[in-house]
Each structure stands twice: as structure tokens, then as C-alpha cells.
Amino acid sequence: MPPAAPITGIEQLREREPLNALLASREGAIEGARFDRDELTLEIRREAIAEVCEFLRHHEQFGFLADVTCTDWYPEEPRFHVVYSLLSHARKLRVRLKVKVAGADARVPALTPMWPAADYFEREVFDLFGVRFEGHPYLRRIQMPDDWQGHPLRKDYPVEGYR
Amino acid sequence: MAQLAANPEAVQDRTMILNMGPQHPSTHGVLRLILEVDGESVLRMMPDIGYLHTGIEKTYEAKFYQQGIPLADRMDYLAPFHNEMGFVLAVERLLGIEAPPRAQWMRVLLNELQRISSHLVWLGTHALDIGAMSVFLYCFREREEILRLFEALAGQRMFTDYFRVGGLALEPPQGWLARVKKFASTFPSRVDEYEDLLTGNPIFQERTKGVARISAEDALALGLSGPSLRASGIDWDLRRDAPYSSYQKFRFRVPVSTSGDVWARYIVRVQEFRESNAMVQQALDGMPEGPITADAPKIVLPDRDKMKTQMEALIYHFKIVTEGFAVPAGEVYQAVESPRGELGFYIVSDGTAKPYRVHVRAPSLANLQGLPKMCEGRLIADVVAAIGSIDIVLGEIDR
């Protein structure tokens, strides 16, 4: 049995938690919404990501930042989709936030200063994708050696490396 | 390499930088810690990782989905079944299929056995670090029994490669479930033995009580999960709160402690031994009959007998092995409760037979973020106890 068809669009998902609360207070921050395979994905404007996370964390009980990662859609633009997974223990609810950034301008505001759980995850995305997290206190490579050239998880990086 | 930035608050001429690892035996793998110490006390700590980085996430992008299962085994090498579980569940959700009840129960059985064996390695090495040598020998005696069970089941002791998308690879061999039953009936008395050696031991208590404390707020803010989070008083377990693979049909208690120190993490995991063992027994008692693979001929390899007698089955076999199976486009994040915490698989499919992107949310990576918080302001000897207590596996941190 194939999975149920996804629902796309803010209007169609207006009632779903926690989108309803976000729409009520941070409407301008949301660019898109999608509900697929029981998971809600919200597309967030880049400048607003830290503010949205802070709002969800302190006002909507999403106290657990499970993950920060990235997908490279090269050669499409905007190329990088930075993905945040938030979990609410109290409400037993997950939400995925997505920020799309162009390859020529791969910058996202860092969550680390306000939410230390993001630290290693953001460093890993920086290391493997080359997306810069602005305001991160220690944005260095974490998995690869410091003098490594290139960002291995980019799609234009060959599996066996350049050498 | 990573380095500590100058710290204006420290008394510069009194402090020194100390390298711990990557070959230090008590770092449980190849973890390097850079410590700024004033005499015996740790002022600051910075973990340096990446020594085991093998690019598993990149490798995934060049493999068929079914080839991802042995790859998943190799991340957290103490809990391969949990890695397999996370991966196959994520792919099954992308496909919209579900494993039949017998396969789900077998998966639970194996996950809980694996949790016991992983906690045994943790307990043995943790006690060894603290100076209790004999516990290690007892723990590895029982772990050996579990690994023999895995070997009899899958042919491999550690990298079992036994789960399949849509079910399991094989029926368990004759008499295997009885062997598990025998193990599960004796194991509680073995846990009593470990507790006799440690729980009432004043030296062990001195080394662990009040050591490397972390508050619930800090633990949550730093992204800790699993026993390390529950030891700080946060009552959250994915098996109970977001059940997968029939966990909702099992009765179990989630051990929680509140003091947030090394002792609390010890108590939580020792209680998990008993809970996991009880779940193994429940799985054995209630094991449903029936097929072990889903009815999805384009995804699950056919029976060998059918393959030799039926044209259809032979075609499917050939197609799956040579071309893999296409997975509808989409993305899922599937989290399972590994012995170390929330193990998440984020898989993006573009509709082909190979994943577009696989990301693993490694619980050890997030748990490691809590280590500086636990150790700063304490003695170097406590660092060793703290590393043992968060039970990290470097294979999973570095991937």
C-alpha cells in the first residue's frame, strides 16, 4: 500500500500543531508547509530561523533539538536545505524546520549561542557542506582534518575525493 | 587540529594544557580531550573528534537501500541491531510497508538482547576505569553468551546484517528461542552479582556519587538523550512515548533517576538490564506465528525454493539484486531508542533505488556535548568516570 498523498500548503495545514501557534505570532517567518508520512515540515525564512526556534522552544514546549543537518540539491538552486528536527517531550510531537539557501550565499544564523545542543551539529554541517553558521562561537571543522580541501557531502564532491 | 583559545580568566602561568587521548584506554575509542588544568583540577575541556570518520553518510548515497543495512551495523558497533532497526524502519516508512507481527517481535527481542549486551560492555569498562577489575570479567562472560546467540542466528557475532526492509533475513534456527529463554531465565541472578560487586561498594560509591553532575535543564539544552537524560530526571523513552515495531504491546517500566551524577547514570542502566530482560521474556512468551517478511515481492527477496521453481520469483530476485527497488520520493526521520539514546535516521529519497541523502542523528555525538559541562571544575580522575558514564561509541560519533 503506497503512503497517503502529501498535503502541501500553509492554508491546507493551518489547523495543525504547532503551525497554528506559529501563524498566530510569527506569520511572516513561514514560507511553506508540507505534511507527508505523518511528519510536518515547515519552510522558514532564513533570517527568522533563530527566532522561530526560540519561540517553539520557550512558548511551545519544543525543548529538545534532536538534529541539525543539510541536504544538497545541486545543481538546483537554492541548493542547500538546512534541516532542523525539534521534539516536544511534553506534547509528544515532532516538527521539522527547513531553511533554503543558495550556493553562492550559503549562510544561516547559528542557533548555538542560544541553544547549545546545536553546536556539534552545526559544526558538522559546516564541515561537510560548507554552510556557514553566522554567530557560531567556534565554527571549525569537526570530522575532517583542519587542512582539508572541500566539503565531502556536497553532491559535486566525488565519492573518492579529489586525490 | 582543535585548540583551546586563550582564556583571559585563567591564571595563565599556573594552568597547563593536557592532551588526553586519542589513544588513552579510558576514552573508549579514539576520543581526544584537550584539558586546561590547574594542578589536578580541570578548568576547561574540549573534545576533539573525527579520528574514525569514514564518510558513511556519503557512502550511503552510492548504495542500494538493501546495501545500507550492513553499513548501518558499522556505526554503533556495540548496538548493530538498533542501527538496523532505525534504518529499515525509515525505509519501510518511505515505502509505506510494514513488517509482519512475527518480524516485529523478533526485532524487539533482538533489540533488547542487544541493549543488554551493550550495557554489559558499558558496565564492564566503566567499572574497569574506576578500578573495579573483576566486574569486567563477569560482564564479558554474559556478553559472550549473547554474542553466541547472535552468531547462531545470523552467522555473525557483531555485524549481524539480519534485518531486512520488510522483515527479517531468516527464520531463527531450531532450538534458538529455547536458548534465549535459558539465558533470560538466568540473567537476573547475574545482574544481582554485578550489583553485589558495585552497588553496595563504598569505594565505587565514593567515585560516582555527586561526580560529574548535570542538571535536567543543562542536559536538555545540550541535547542529551537516553539513559544520560533519564538520569537527570527527564522521563522520556522513545519505546514508550513514540512506540515503533510493536513496543506498545510490551509492559515495561522506564527507570528514571534525579541526581544527574555518574551514580544516577549507573543506577538507570542497571535497572534497564532488568527491564530489557523482562521484555525479552515477554517477546518469547508472546511470539506470534506467521511469516517473517512482508508480502511485497518487488522489495523482499523471494524464498529460495520459489526462486528455483517459479519464473516470477526468479525475475523479482534478479531485479532486486541487480537494480534494487525504487523508493517513492520523500523524506522521513525515524528515531529509535538505542542503548545510548535517540538514534535517528533522516533519509531523503528522490524516487530512485539509492537514497539521495542519509543522515544519522548519533546519540553519542549529542551526549558528548554534555561532557565539558560535567567535568569542568572537577578533578582529572573524575573525567575518566564521566566518560564511562555517558557511554559513548566513537564509531557512531564520527561515522
Side-chain angles (χ1 to χ4, degrees), chain A residues 1-4 6 34 36-39 41 57 63-73 81 83 85 87-90 92-96 98 112 114-121 123-125 127-128 137-138 140-148 152-155 157-161, chain B residues 1-3 5 46-55 57-59 61-62 93-98 217-225 229 234-236 238 241-242 296 328-335 342 344 346 348 350 356-357 359-362 365-366 368-370 373 397-399:
Chain A
M1 190 191 75
R34 185 182 168 86
D36 185 13
R37 295 170 170 97
D38 291 326
E39 292 182 10
T41 308
R57 184 186 182 195
F64 189 75
L65 179 67
D67 195 17
V68 181
T69 186
C70 184
T71 310
D72 180 8
W73 289 94
H81 295 189
V83 181
S85 299
L87 166 67
S88 167
H89 287 160
K92 300 190 179 179
L93 196 59
R94 281 181 194 278
V95 64
R96 177 158 54 229
K98 205 177 255 187
T112 309
M114 65 126 183
W115 206 340
D119 186 2
Y120 286 4
F121 295 121
R123 278 180 67 188
E124 191 174 289
V125 172
D127 186 0
L128 304 178
Y138 193 82
R140 305 269 187 97
R141 286 192 182 270
I142 186 167
Q143 303 286 14
M144 308 302 288
D146 275 353
D147 56 353
W148 194 261
L153 277 182
R154 288 189 173 188
K155 286 283 176 183
Y157 187 100
V159 175
E160 291 170 4
Chain B
M1 281 284 109
Q3 47 192 270
M46 207 180 93
D48 180 20
I49 58 174
Y51 291 91
L52 281 181
H53 182 64
T54 45
E57 290 181 6
K58 184 85 173 174
T59 313
E61 294 169 10
R93 278 185 55 207
L94 276 169
L95 286 162
I97 62 169
E98 198 176 38
E217 296 75 46
D218 284 341
L220 203 55
L222 284 161
L224 267 62
S225 56
L229 185 65
I234 294 188
D235 191 7
W236 176 263
L238 288 163
D241 298 311
E331 55 186 341
V332 292
Y333 176 84
Q334 174 67 45
E342 175 168 330
Y346 174 63
V348 182
D350 59 353
Y356 189 78
R357 166 97 173 103
H359 170 72
V360 183
R361 189 267 182 209
L365 179 68
L368 183 63
Q369 295 192 97
K373 191 94 198 164
I397 291 179
D398 296 343
R399 283 160 284 143

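Residue numbering restarts at 1 for every chain, and letters A, B, ... go by the order of the sequence lines.
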Test A:L87 against B:W236 for side chain to side chain contact (heavy atoms under 4.5 Å, CB included), laying out the working first. CA-CA 11 Å; A:L87 166 67; B:W236 176 263; 3.8 Å; yes
Give, as side chain, backbone, both or neither, the part of B:E342 having an atom under 4.5 angstrom from any heavy atom of chain A. side chain
Distance from A:D146 atom CG to B:D48 atom CG, nearest 0.5 Å? 8.0 Å
Measuring from A:D38:CG to B:R93:CZ, what's the distance to the nearest 0.5 Å? 6.5 Å
Measure distances from B:A219 to the heavy atoms of chain A and classify the residue's part below 4.5 Å as side chain, backbone, both or neither. neither
Heavy-atom distance under 4.5 Å to chain A: side chain of B:L229, backbone, both or neither? side chain
How long is the gap from CH2 on A:W115 to CG on B:L222, to the nearest 0.5 Å? 12.0 Å
Look only at the side chain of B:Y356 and the backbone of A:D72, and say whether a donor-acceptor pair between them is shorter than 3.5 Å. yes
Tell me whether A:Q143 contacts the main-chain N or O of B:T54 through its side chain, where contact means a donor paired with an acceptor under 3.5 Å. no
Chain B contact via A:I142 - which portion, at a heavy-atom distance below 4.5 Å: both
Is A:V68 close to chain B through its backbone or its side chain, or both, or neither, when contacts mean heavy atoms under 4.5 Å? backbone
Tell me, side chain or backbone of B:Y333 under 4.5 Å from chain A's heavy atoms, or both, or neither? both
Region of B:V332 that comes under 4.5 Å of a non-hydrogen atom in chain A: both
Between B:R399 and A:E124, is there a side-chain N and carboxylate O pair less than 4.0 Å apart? yes
Between B:A221 and chain A, which part of the residue has a heavy atom less than 4.5 Å away: side chain, backbone, both or neither? both
Gap between atom OG1 of A:T69 and atom CZ of B:R357 - 0.5 Å precision: 4.0 Å
Keeping the roles fixed (side chain from B:R361, backbone from A:A66), state whether a donor-acceptor pair exists under 3.5 Å. yes
With only heavy atoms counted, which part of A:R94 is less than 4.5 Å from chain B, the side chain, the backbone, both or neither? side chain
Nearest-0.5 Å distance, OH of residue A:Y157 to NZ of residue B:K58: 8.0 Å
Just verifying a value: how many Å separate A:L128 CG and B:H359 NE2, rounded to the nearest 0.5 Å? 9.5 Å
Against chain A, work out which of B:E61, B:K373, B:E331 has the most heavy-atom pairs shorter than 4.5 Å and name it. B:E331
Which portion of A:R57 sits near chain B, non-hydrogen atoms under 4.5 angstrom: side chain
What part of B:I397 gets closer than 4.5 Å to chain A, counting heavy atoms only: side chain, backbone, both or neither? backbone
For a 4.5 angstrom cut-off between non-hydrogen side-chain atoms, does B:P328 reach A:R37? yes
